[in-house]
Amino acid sequence: MEIASDLQSSISNPCMELTEVERERLAKLEQLRASGIEPYPLRSQFVRQRVLAADAVRQVLASAQSQADGTAGDDALSEVAVMGRVVARRIMGRAAFLGVEDGSGKIQFYARVGDDSLDATSFAHFKELDLGDFIEAKGALFITKTGEPTLRVTDWRLLAKSISPLPIAKEEKMPDGSVVRHSAFSDPELRYRQRYVDLAVNPEVREIFVTRAKVIKALREFLDSKGFLEVETPVLQPIYGGAAARPFITHHNQLDQDLYLRISFELYLKRLIVGNLERVYEIGRDFRNEGVSFKHNPEFTQLEFYAAYMDMYDVMDLAEEMLQYVAHQVLPPQAEGKSQFRGHTIHWLQPFKRIKLRDAILERTGIDYTRFPDRQSLADEVLRRRLLTPDVLRGKPWGKIVDSLIGDYVEKELVEPTFLYEYPRDISPFAKSVPGDPTTVERFEGFIGGVELCNAFSELNDPFEQRQRFLEEATNAEEGEANPVDDDYVRALMYGMPVTGGFGMGIDRLVMMFTNRDSIREVLLFPALRQEERAGLR
RNA sequence: GGGCCGUUAGCUCAGUCUGGCAGAGCAGGGGACUUUUAAUCCUUGUGUCGCAGGUUCGAAUCCUGCACGGCUCACCA
């Protein structure tokens with residue numbers, strides 16, 4: 001709406017922001033109208049006969065092949081209709097070639113003046129088409145003498161005029177078959193701000209989001225097949241919880257009540273386990289009011305599942321099986337279960353490594369943290385070995401120090417899929433303790449390519465201990481990042497929650513791992529950006 | 001929030017070190033060309049050099065501040 005009114009004002013106000021090229025095209029559009037051609041027609045004429053570009057190309061190549069083999073009957077190629085966006089133009093006087101791209105790929109249109117193609121008027125308009133215009137055309141398929149599958153246009157219509165020039169790159173086919181892109185639209189800021197342009201012009205960007213959809217579909221397939229029920233829980237929550245992060249705050253006017261955008265689904269999903277739903281999962285958006293980075297966006301997509309009667313080890317098996325299923329469904333067969341990520345080759349189909357957190361830290365830092373069971377002794381030892389600076393240590397409880405050691409010394413090294421397990425209790429307020437070790441809980445995290453991917457535990461179901469953990473959190477957590485005491489959650493546990501295994505995973509990060517993107521922004525259609533300052537959108 | 005780097009034509013980018021007419025390719029305009037494909041050939045226009053100050057005879061270039069972005073550190077399970 002706003003863009004439309006913007007354009008409106010730009011048309012009525014000639015000194016506004018239209019560029020030379022845009023004014024040029026606007027004039028062209030008005031000429032079309034004057035000559036009785038609607039630049040934005042109501043509908044396509046040929047939709048019902050539509051053939052995808054890729055299918056048309058396949059069809060004509062197959063036919064050419066069978067003719068070369070001599071196996072061809074007299075299967076003359078039928079007339080087809082193809083529609084798409086003009087992405088290349090080569091005008092040659094009384095003949096013209098257009099590259100046309102649709103959702104499936106590209107095909108070439110060829111038109112010329114003459115009995116077997118277009119009359120003079122129609123051809124004149126055909127030559128006037130701009131890069132970015134949408135058209136539909138009907139005609140017979142053939143292969144040019146340079147071997148290009150082509151539609152010989154005998155009837156065509158403009159479907160939508162493009163005013164602003166798309167930065168369409170030229171593609172050069174090298175002798176070795178590779179394609180070099182010239183002047184590609186590549187400025188990251190512009191690509192994210194005007195993602196529609198990025199998608200229109202960069203096919204590999206579209207491919208990322210196709211893969212993303214496949215990942216999510218595969219996750220659903222897998223969990224559905226294991227008897228999980230997909231559910232939806234509130235995004236607007238009166239008490240946020242389930243993770244240590246600062247929330248976004250909003251307000252409901254009629255209730256006159258502040259609400260938080262959820263930072264996790266955890267506490268609501270476990271209420272459902274109390275309610276006998278036994279196996280539930282949710283795929284949805286979490287919101288965390290924290291800094292942004294290559295792996296953090298203020299809103300991100302999370303998968304959480306909870307399964308009654310499972311423990312951490314069952315969940316580990318299930319998670320491994322799930323990720324391998326996704327890899328199998330998403331990666332092309334020739335990839336053989338491998339993907340590239342942050343300069344590493346990830347082998348998805350090999351058994352995941354499983355390492356006790358204590359051993360991982362001991363190996364990387366020389367510290368056996370079980371020998372330093374209190375904050376002071378661990379801090380002293382970390383300082384003695386110059387592993388962390390006093391600045392980093394300030395205010396951190398014992399568990400947070402261990403966590404910092406993971407982040408600084410362990411995480412980056414975990415390239416192949418790896419589960420680290422058994423975590424400090426005081427950074428895990430919803431996990432059950434390991435028998436006989438009150439400082440440690442049954443919790444694991446999964447790492448791939450040096451990036452944390454998922455987090456899971458044997459869920460704490462003792463309402464009295466849960467209440468105690470909430471209170472401990474409230475006293476020693478830093479400002480704004482405590483899990484607030486959720487009395488209703490404790491009340492739910494009072495009715496009895498079975499032994500339960502739970503799991504959470506950042507889907508954006510998983511997509512990064514399958515698409516070899518180094519930044520979370522590359523796998524989000526519209527990543528968070530600072531608001532554009534300049535008025536007028538341009 | 002800190003550090004580093006960047007912002008020049010519609011797109012991709014030179015030019016900034018060492019101040020002296022604002023540049024190239026593509027895209028666009030005019031012309032030629034009936035199987036081209038980064039089409040080609042002839043011809044032609046293209047600018048708030050991110051913004052605001054300052055230094056200077058003179059600033060895209062040097063200085064200061066600001067805005068936006070990228071990377072990175074911190075924060076962040």
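The chains referred to below are lettered A, B, ... by the order of the sequence lines, with proteins before strands, and numbering in each begins at 1.
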- prompt: Does the distance from a Lys or Arg side-chain N to an Asp or Glu carboxylate O, for A/Glu20 and A/Arg23, drop under 4.0 Å?
  reply: yes
- prompt: To the nearest Å, how far apart are A/Arg469 CZ and B/A77 C1'?
  reply: 14 Å
query: What interatomic distance, in whole Å, is found between C1' of B/U18 and the corresponding atom of B/G10?
result: 33 Å
- line: A/Asp286 CG to B/A77 P, in whole Å, measures 13 Å
task: Describe, in one word, how the ring planes of A/Phe419 and A/Phe352 are oriented to each other, choosing from parallel (under 30°), tilted (30 to 60°) and perpendicular (over 60°).
output: tilted
message: Whether the side chain of A/Ser186 and the base of B/U12 hold a donor-acceptor pair under 3.5 Å is what I'd like checked.
response: no
field: Parallel, tilted or perpendicular, as decided by the 30° and 60° cut-offs, for the rings of A/Phe430 and A/Phe470
entry: perpendicular
Which pairs, protein N/O on one side and nucleotides 26-30 of chain B N/O on the other, fall under 3.5 Å?
unit_1: B/C26; atom_1: O3'; unit_2: A/Lys170; atom_2: NZ; d: 3.2
unit_1: B/A27; atom_1: OP1; unit_2: A/Lys170; atom_2: NZ; d: 2.5
unit_1: B/G28; atom_1: OP1; unit_2: A/Arg89; atom_2: NH1; d: 3.2

- line: Out of B/U36, B/A77, B/G69, minimum distance to the side chain of A/Glu148 belongs to B/U36
Between B/C75 (C1') and A/Lys295 (NZ): distance, integer Å: 12 Å
task: Answer with base, sugar-phosphate or nothing: what part of the nucleic acid does A/Ala96 contact at a heavy-atom distance below 4.0 Å?
output: nothing
message: Between B/G53 and B/C11, how far apart are the two C1' atoms, rounded to whole Å?
response: 32 Å
field: Carboxylate-amine/guanidinium contact A/Lys400 A/Asp403, below 4.0 Å
entry: no
task: Specify the separation, in whole Å, of atom CD of A/Glu189 and atom P of B/C71.
output: 12 Å
query: Can you tell which of B/A77, B/C68, B/C75 lies closest to the side chain of A/Arg193?
result: B/C68
query: How many Å lie between CZ on A/Phe248 and C1' on B/C76, as a whole number?
result: 13 Å
message: By nearest heavy atom, map A/Arg90 and A/Ile427 onto RNA chain B; which one lands nearer the 5' end?
response: A/Arg90
field: Watson-Crick or G-U wobble mate for B/U18, both contacts under 3.5 Å
entry: none
Table of protein N/O atoms under 3.5 Å from nucleotides 31-34 of chain B N/O atoms:
unit_1: B/C33; atom_1: N3; unit_2: A/Gly93; atom_2: N; d: 3.2
unit_1: B/C33; atom_1: N4; unit_2: A/Gly93; atom_2: N; d: 3.0
unit_1: B/U34; atom_1: O2; unit_2: A/Arg112; atom_2: NH1; d: 2.9

message: When the P atoms of B/C13 and B/A32 are compared, how many Å lie between them, rounded to an integer?
response: 36 Å
Separation of B/U36 P from A/Leu151 CG (nearest whole Å): 18 Å
- request: Kindly indicate whether a cation-pi arrangement holds for A/Arg443 with A/Tyr423, taking the cut-offs as under 6.0 Å to the six-membered ring centre and within 45° of the axis.
  value: yes
- request: Considering only NZ, NE, NH1 and NH2 on the basic side and carboxylate oxygens on the acidic side, decide whether A/Arg425 and A/Asp437 come within less than 4.0 Å.
  value: no
message: Between the base of B/A77 and the side chain of A/Arg443, is there a donor and acceptor pair under 3.5 angstrom?
response: yes
task: Could you verify whether a donor N or O on one side chain and an acceptor N or O on the other, from A/Tyr421 and A/Glu442, lie under 3.5 Å apart?
output: no
Paired nucleotide for B/U12 [Watson-Crick or G-U wobble; both distances under 3.5 Å]: B/A24
query: Paired with B/U56 by Watson-Crick or G-U wobble geometry, both distances under 3.5 Å: which nucleotide is it?
result: none
- prompt: In Å, rounded to the nearest 0.5 Å, how long is the span from CE of A/Met505 to CG of A/Leu219?
  reply: 4.5 Å
message: Measuring only the P atom in each nucleotide, how far is B/A27 from B/C63? A whole number of Å is fine.
response: 38 Å
query: If pairing requires Watson-Crick or G-U wobble contacts with both distances under 3.5 Å, which nucleotide is the partner of B/U7?
result: B/A67
query: Just how far, in rounded Å, is C1' of B/C71 from CG of A/Asp187?
result: 14 Å
query: Can you tell me the Watson-Crick or wobble partner of B/A32, both distances under 3.5 angstrom?
result: B/U40
field: B/A77 OP1/OP2 closer than 4.0 Å to side-chain N/O of A/Lys400
entry: yes
message: Looking at A/Lys28 and A/Glu24, is any side-chain nitrogen of the basic one under 4.0 Å from a carboxylate oxygen of the acidic one?
response: no
Rounded distance in Å between the P positions of B/U8 and B/C49: 11 Å
query: When rounded to the nearest Å, what value does the distance between C1' atoms of B/U44 and B/U48 take?
result: 24 Å
task: Report yes or no: is the cationic atom of A/Arg152 (NZ for Lys, CZ for Arg) closer than 6.0 Å to the six-membered ring centre of A/Phe142, at no more than 45° off its axis?
output: yes
- prompt: Nearest to the side chain of A/Phe185 - B/U36, B/U12, B/A77?
  reply: B/U12
message: Using side-chain hydrogen bond (donor to acceptor under 3.5 Å, both in side chains), reason through A/Gln108 and A/Tyr110 one step at a time and then give a plain yes or no.
response: CA-CA 7 Å; A/Gln108 177 169 264; A/Tyr110 169 69; over 6 Å; no
query: Taking atom types as they are modelled, is there a donor-acceptor pair under 3.5 Å from the base of B/A77 to the side chain of A/Asp403?
result: no
task: Could you check which nucleotide pairs with B/U48 in any of the strands shown, counting Watson-Crick or G-U wobble with both distances under 3.5 Å?
output: none
Integer angstrom distance from the C1' of B/U12 to that of B/G20: 28 Å
task: With C1' as the reference atom in both, quote the distance from B/C5 to B/U16 in angstrom, rounded to an integer.
output: 14 Å
- prompt: Could A/Glu411 and A/Lys295 be called an ion pair, given the rule that one side-chain N must be under 4.0 Å from one carboxylate O?
  reply: yes
message: If I take atom NE2 in residue A/His296 and atom P in nucleotide B/G1, what distance separates them, rounded to the nearest angstrom?
response: 17 Å
task: Go through the N and O atoms of the side chain of A/Gln108 and the base of B/U36, and report whether any donor-acceptor pair is under 3.5 Å.
output: yes
- prompt: Counting side-chain heavy atoms from C-beta on, which of B/U35, B/C11, B/G69 comes nearest to A/Phe97?
  reply: B/U35
message: Taking the minimum atom-to-atom distance to the side chain of A/Thr144, which one of B/C76, B/C11, B/U36 wins?
response: B/U36
